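Treat the numbers as computed from the prediction; the structure is a model and nothing was measured. We're numbering straight along the sequence, starting at 1.
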Amino acid sequence: MHQFAIEPLFGTDHLALGGYNIAFTNSALWMVITAVVLWIFVAGGMKRQLVPGRWQMAVEFFTGFINKLMMENVGAAGKKYVPYVFSIFMFILMANLLGLLPIGLFGLHPFTFTSHFTVTGVLAIMSFSIVLIVGFWKHGLHFFSLFVPHGTPLPMIPVIFPIELVSFLVRPFSLGLRLFVAMTAGHVLLKVLAGFVINSTNAGLGYGALVGIPSFTLMIGISALEMLVACIQAYVFALLTSLYINDAEHLH
């Protein structure tokens with residue numbers, strides 16, 4: 001599990017603030033790299049040329065994709081949330097894809113920080129906080145009606161209300177857990193297969209041909225699948241965020 005270890009960099013392991021360790025870690029570094037890559041990607045596609053180039057078309061594709069997602073799930077009210085959902089979608093997508101790089105940058109091995117629940121959990125709490133703020137801002141205490149489905153018989157309200165409330169409060173946990181589990185499982189599987197390849201090759205030519213080659217072939221397929229999972233998980237996170245926002249905007 002060494003590939004998931006968070007390690008301090010640049011001799012910052014003894015930095016502390018208020019009794020808390022604030023070392024600059026490999027996880028923080030790859031968050032910064034992800035943010036910089038995302039900024040370069042978006043900034044490079046904002047030329048607004050009459051005949052857009054490939055870079056501009058790529059940026060417009062993603063913005064249009066998120067805009068359509070919000071319009072379909074939230075309606076016209078979802079347009080104001082497009083910048084946030086676009087940012088979190090692209091941040092997760094870039095983080096997942098950069099973590100799959102086969103080689104390091106400047107001697108640093110790629111680190112998938114979305115494989116840590118502390119990161120995915122914070123992203124989920126951010127989205128959940130928006131839902132709570134918008135819900136109470138627009139509807140006040142009427143927001144609690146979200147936990148009582150329309151048409152619920154009066155005697156059933158004391159039973160339904162706690163169930164719906166717990167289900168609602170579990171949302172940030174499940175939202176962050178889904179992304180964390182998917183990225184962790186994929187990397188563990190790739191690491192296991194890589195171990196098969198290396199150990200069988202070191203054991204001899206026969207073992208290499210019997211175990212190493214099939215494992216390496218499977219690694220290629222799993223790597224392609226991981227790229228697909230990286231995209232799907234970013235989409236699922238954005239999709240569920242849009243659905244939660246819809247609950248806050250439109251109480252049923």
Run Val42 and Phe86 through side-chain contact (heavy atoms from CB on, under 4.5 Å) and show every step you take.
CA-CA 11 Å; Val42 174; Phe86 172 79; 4.0 Å; yes
Apply the test side-chain contact (heavy atoms from CB on, under 4.5 Å) to residues Val236 and Leu175: give CA-CA distance (whole Å), side-chain angles for both, the deciding distance (0.1 Å), then the verdict.
CA-CA 9 Å; Val236 169; Leu175 187 61; 5.8 Å; no
Under the side-chain contact (heavy atoms from CB on, under 4.5 Å) criterion, do Leu100 and Ser223 qualify, and how do the steps go?
CA-CA 8 Å; Leu100 289 172; Ser223 297; over 6 Å; no
Worked check of side-chain contact (heavy atoms from CB on, under 4.5 Å) between Arg178 and Phe237
CA-CA 9 Å; Arg178 184 182 290 102; Phe237 201 100; over 6 Å; no
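Side-chain polar atoms of Tyr84 and Ser127 form a donor-acceptor pair below 3.5 angstrom. For Ser27 and His116, the side-chain atoms include no donor-acceptor pair closer than 3.5 Å.
The heavy-atom pair separating Thr120 from Thr114 by the smallest distance is CG2-O, 3.2 Å. Taking both residues in full, the closest heavy atoms of Ala182 and Val229 are given as CB-CG1, 4.2 Å, listed atom of the first, atom of the second, then distance. Between Ile245 and Val131, the shortest heavy-atom distance links the atoms N-CG2, 3.9 Å. In plain terms, the two heavy atoms of Val85 and Met70 that are nearest each other are CG2-SD, 3.7 Å. Minimum interatomic distance between Ile66 and Ala238 (heavy atoms only, all atoms of both residues): CD1-CB, 4.5 Å. Across all non-hydrogen atoms, the minimal contact from Ala95 to Thr112 is O-CG2, 4.5 Å.
Heavy atoms from other residues, nucleotides or ligands lying under 6.0 Å from CZ of Phe136 number more than 12. For Lys68, the NZ atom sits in a loose shell: 12 or fewer heavy atoms of surrounding residues, nucleotides or ligands are nearer than 6.0 Å. The environment of NZ in Lys79 is sparse: at most 12 heavy-atom neighbours from other residues, nucleotides or ligands sit within 6.0 Å.
One hydrophobic cluster, built from ILVMFWY side chains closer than 4.5 Å, holds both Val122 and Leu38. A single hydrophobic cluster is seen to contain both Val59 and Val36, as judged by linkage of ILVMFWY side chains at heavy-atom distances under 4.5 Å, directly or through other members. Put simply, Ile125 and Val166 are part of two different groups of oily side chains (I, L, V, M, F, W, Y) that touch within less than 4.5 Å, one to the next. Hydrophobic clustering of Ile, Leu, Val, Met, Phe, Trp and Tyr side chains at less than 4.5 Å, counting indirect connections, unites Leu225 with Leu101. When hydrophobic clusters are built by joining Ile, Leu, Val, Met, Phe, Trp and Tyr residues whose side-chain heavy atoms come closer than 4.5 Å, directly or via intermediates, Val159 is not grouped with Leu169.
Residues Phe111 and Ile6 form a side-chain contact, since some pair of their non-hydrogen atoms from C-beta on lies under 4.5 Å apart. You'll find the side chain of Phe89 reaches within 4.5 Å of the side chain of Phe65, heavy atoms only.
Taking CG from Leu193 and CG from Leu218, the interatomic distance works out to 5.0 Å, rounded to the nearest 0.5 Å. Rounding to the nearest 0.5 Å places CD of Gln233 at 11.5 Å from CG of Leu239. Atom CG of residue Leu243 and atom CZ of residue Arg171 lie 8.5 Å apart, to the nearest 0.5 angstrom. Atom OG of Ser242 sits about 12.5 Å away from atom CE of Met71, to the nearest 0.5 Å. Atom CD1 of Ile92 and atom CG of Asn96 lie 7.0 Å apart (nearest 0.5 Å). Summarising the geometry, atom CG belonging to Asn246 is positioned 12.5 Å from atom CG belonging to Leu240; distances are rounded to the nearest 0.5 Å.
Using a distance-only test at 3.5 Å, with no hydrogens or angles considered, a donor-acceptor pair links the side chain of Asn26 to the main chain of Glu7. Using a distance-only test at 3.5 Å, with no hydrogens or angles considered, a donor-acceptor pair links the side chain of Asn73 to the main chain of Leu69. Judged by distance alone, with hydrogens and angles left aside, the side-chain atoms of Thr184 form a donor-acceptor pair with the main-chain N or O of Ser115 at under 3.5 Å.
Between Phe168 and Phe128, the ring planes lie tilted relative to each other; the angle falls in the 30° to 60° range. Below 30°, between 30° and 60°, or above 60°: for Phe91 and Phe113 the angle between ring planes is between 30° and 60°, a tilted geometry.
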